[in-house]
Structures are given as C-alpha cells and as structure tokens.
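Notes to accompany the following structure.
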Number of protein chains: 2
Amino acid sequence: MLPRKIADSTVRRLAIYLRFLEEFQRQGQATVASDALAQRAGTTSAQVRKDLSFFGSFGTRGLGYDVVPLADRLREILGLGHRHRVAIIGAGRLAAALVDYTGFSARGFEIVAVVDRDPARIGAVLAGLTIEDVADLEHVVRRGEVEIAILVTPAGPAQALVDRLVAVGITAILNFAPVQLQVPEGVDVKNVNLAVELETLSYALSARAAT
Amino acid sequence: MLPRKIADSTVRRLAIYLRFLEEFQRQGQATVASDALAQRAGTTSAQVRKDLSFFGSFGTRGLGYDVVPLADRLREILGLGHRHRVAIIGAGRLAAALVDYTGFSARGFEIVAVVDRDPARIGAVLAGLTIEDVADLEHVVRRGEVEIAILVTPAGPAQALVDRLVAVGITAILNFAPVQLQVPEGVDVKNVNLAVELETLSYALSARAAT
DNA sequence: CCTCGCTCGTGAAACCTTTCACAAATGCTC
DNA sequence: GAGCATTTGTGAAAGGTTTCACGAGCGAGG
C-alpha cells in the first residue's frame, strides 16, 4: 500500500498540499490543477505531480484533481485518519504556547499529558491538563497511550528523557531542545532548532552583504 | 571571501558544529577530529571535512582542528561577528516563549521590538519591551535598525505583514505562520511549521505500521 | 632526521531529488 | 462523435548532495 521509501521533502510537501486542498475545499472548488497547487505551495507543477505519483494516480487528465478525494487520500497517506496522542515533556513557556496552539487538535493531534521536573510547576493546570511529575513519565505515557512526544526541555536532560521515552515504546519525537539526540533504529526524531534557523538567516545576510 | 553557493544543508550543519565546538571549548579540549565532531552532529567525518572545505582548510593533518580558531571562523562565516537586531511580529504565547528564550541573546540575536495588533496587548511589557502597535511597524523597524523579523501571527495577516516588512528593507524572515510566504528575490524566509513537522511524524508512524 | 600512524583535503563515484518534455487521456464544444 | 484544448503521469535528463577512497602532510617517537 505504501511504497518503499519516500523522501522527507516529499512528505513535507504533501502536508503543505493538504493545507491548500482544505482551503480550496472551504472555497467550494471541486477540482484543482497541479499548477494551482504548485503556485500556492511555492513549487512546480511537475513536482506536485511527481510527489503524488508515488502513491498512485488520482488526477483526471485535462481537468486536474478532485479536491475532496485527494485531500482524503493525503490524510490517509499521512496517517491522519485517526487522532494521535501527544505528550509534552517540559512545561515552560514554549510548552504553554504549544498547548495553546489550536492547530494541533484541529489536525488530529491531541495533547493528553504534560510533565515537568519543577515541583513548583507540578500540579498546576495548563489548558485543562494537570502538569505531572516527570518521575512518572513512563506511567503517564502508558496510561495515555501516547504515540508522539514533544520535547521542550533544556538541552541538559534531553537525551536521558529520550532514552526513557524510547524505552517505553515511543517512536516519534519532536525535539525543540538544542541537542542532537541519539536514538536507535526505528525511532524518528524531527528537530526544531531556533538557533540554527536564525543562524542560517544570519549567514544569508552576510553572504548577501559580501556580494 | 565567501564562495558562490553553499547548500542550505551545509550551513545548518555548520551551525550545529559550532555548538559542539563551543562545548569542546568549555571542556578545555584544544583540538578535535572531524570524526568526533561528526559523531556528535549525527553525520560522517567526510561530510564534516567537505562542509568545512568549502571555506578553506583549517585542519592539521594527523591531528584535527584547533577548537578555538575553528569556532571563531565558523562564527565569522555564519555572520555572527556582530549582534543581529530582531523584531517580533505578534505578541501571543509563542512570542512570549521566544523573548524568554535565553539562547537568542547568548548567540548574538537581540530582540529590539515586539508589535501586535490587539489593543489589549499594546502597551503591555514583555521581557522588558513595551509591545507596540503593528500600525507603526515601519517606524519600529527603522528606529530599531532591525535586520531580522520573526513572524508569529495567525496565517491570515501574515502575507500582508511580510509585504510591509519587505518594503522597509527587511531581507531575513523567520516565519512561524502556517502559510507559504511570497517574497521577492533577495529576501530569505525560513519556515517553522509545527503542523508539518507533526504530520511527517505521523507519516513515519503509519509507514512503519504498514511494514 | 627518518619512519610511522593518524587525519585532513578532495576529486570521483554513487546516490538522490528536481526538472524537463511529451505521449496519453479526458472533458468540452460544435 | 470528431476535434481541440487541457492537464496528467512518467521515463529521461539534469542538477545537487553525500559518500568513498586515497594521496598529502603533519606530529610523535625513537
């Protein structure tokens, strides 16, 4: 059903296409051409068609793609058919911003637990969830049948926490800590590193200035 | 001085190497081999050497790289020699998390202004900065000699704000809004899209389950 | 001061991703 | 129902990035 190996860049674009398909759907458009999708997504029509072709062929020649069925299929491909249960590790300001972000639940990601190490935070309520003790991490993850962990801790404890998460069976981690996590085969980590993003912008500024 | 075109992936790795070099420096290590750096950064020694080779050759054969000079050179390459002034557009929770993040100032990024549209927020103080009216965006950017804008608004107003930022000369934007921004040649945008990250993790979960 | 072991620097090869270009297929119009 | 305009699906080509492999150069140690 799913082909062997799909490039990460392709998967990211599929997620972006899905967003625009949903927009087209809201606007009542029934079909959309690869070119229209490409323009919105900042890519080319050939890229769109190639990306989709990895999973079959859903277009109609001369017309384009039917918006609703394509969106459904993309959701299926991306595994958004069921809700994913997410735990947030660390209850600082970034965690507060994340639980607040309505986009999560709108797209099927449900935050079921927040843990922290700081006794001053444990017991407090964040967006309806009581912050729990990170000491109970394993219990919290099992109880919530958590699939995805979002790590928003300082760099120091990050690796140890990941080791514990992996040990209880977590295989998908979104990491905001500025460290390169070591994980075994079969565990996926996506890093979001604000410092790296800013530094690439800084590089771009310098590179332009040097020209 | 700077070579033609450096891949984005290379620049990102340089930023990561820099982080580890600083760690080695704190630990008092004088030299480091490409292999040690590679292991920490999750890549290969050949990759490290290739990345560095684009900018010259700073290693000593048989020995490795001198930690301090290499770190200095990387900072220079990345344009971290002087502080960058940053404005934050949008004063929601994510903005609060960002101004709070000490990593910014530690790495030479200084937040000089925060603006928002909401009258209820304007005038409030966030980490020592008074939130200003987004209507005065152009004035704020000029006054602060802002180089980098961080966009943390909802998707709706994002493009219009970017147009205004570009018009006042901003050429580097870090975008957290879940839209694909259209900018003219010569303006750099880095996107951080939490929904896309989560959806790629969701895909990875499905793809593994299907195997 | 010669040899040895180590690690860099780098062209070449392998691999992967994107772009191109065009045949094939569809809907629409007349 | 034939012809036309349109847009998909996809091999092939181009372009880009990573890995390989090895010569070159350096320091250490005798």
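Naming convention: chains lettered A, B, ... in sequence-line order (proteins, then strands); numbering from 1 in each chain. Scope of the values below: all heavy atoms of this structure, side chains included, with no hydrogens, waters or symmetry mates.
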Worksheet item: In Å and rounded to the nearest 0.5 Å, what is the CG to CD distance from B:L205 to A:E147?
Response: 5.5 Å
Discussion item. What I want to check is whether the side chains of A:Q159 and A:D163 have a donor and an acceptor closer together than 3.5 Å.
Written reply: yes
Item to complete: Considering only NZ, NE, NH1 and NH2 on the basic side and carboxylate oxygens on the acidic side, decide whether A:R73 and A:D66 come within less than 4.0 Å.
Response: no
Item to complete: Using atom CZ of A:F55 as one end and atom C1' of D:dT8 as the other, report the distance to the nearest whole Å.
Response: 18 Å
Discussion item. Test your reading of the model: is there a side-chain donor-acceptor pair from B:R208 to the backbone of A:G186, 3.5 Å cut-off?
Written reply: yes
Discussion item. Please report the distance, rounded to the nearest Å, between CG in B:D51 and C1' in C:dG9.
Written reply: 13 Å
Worksheet item: Is any side-chain N or O of A:S57 closer than 4.0 Å to OP1 or OP2 of D:dG9?
Response: yes
Worksheet item: Of all of residues 18-50 of chain B, which get a heavy atom below 4.0 angstrom from DNA chain C, listed by number?
Response: B:A33, B:S34, B:R49, B:K50
Worksheet item: What is the distance from CG of A:L52 to C1' of D:dT10, rounded to the nearest Å?
Response: 13 Å
Practice prompt. Over 60° means perpendicular and under 30° means parallel, so classify the ring planes of B:F109 and B:F104, tilted if in between.
Written response: perpendicular
Worksheet item: Expressed in angstrom and rounded to an integer, what is the separation of A:L63 atom CG from C:dA25 atom C1'?
Response: 12 Å
Worksheet, complete the sentence: Whole-Å distance, B:R13 CZ to D:dT18 C1', equals 8 Å
Item to complete: Test salt bridge (Lys or Arg N to Asp or Glu O under 4.0 Å) on A:R83 and A:E110 and set out the steps.
Response: CA-CA 7 Å; A:R83 296 182 76 72; A:E110 188 179 357; 3.5 Å; yes
Worksheet item: Starting at the 5' end of DNA chain D and moving along, which residue's nearest nucleotide shows up first, A:G62 or A:F58?
Response: A:G62
Practice prompt. Rounded to 10°, tell me the angle between the two end axes of the helix from C:dC1-D:dG30 to C:dC30-D:dG1, each built from five pairs.
Written response: 10°
Worksheet item: Going by modelled atom types, is there a donor-acceptor pair between the base of D:dT8 and the side chain of A:R61 at under 3.5 Å?
Response: yes
Practice prompt. Side chain of A:Y65 only, please: which of C:dT10, D:dG9, D:dG27 is the nearest?
Written response: D:dG9
Worksheet item: How many angstroms lie between atom CZ of A:R107 and atom CG of B:L198, to the nearest 0.5 angstrom?
Response: 10.0 Å
Worksheet entry | Euclidean distance, atom CZ of residue A:R12 to atom C1' of C:dT17 [Å, nearest integer] | 15 Å
Item to complete: Select one nucleotide: of C:dT18, D:dT10, D:dG27, the one nearest the side-chain heavy atoms of A:S53.
Response: D:dT10
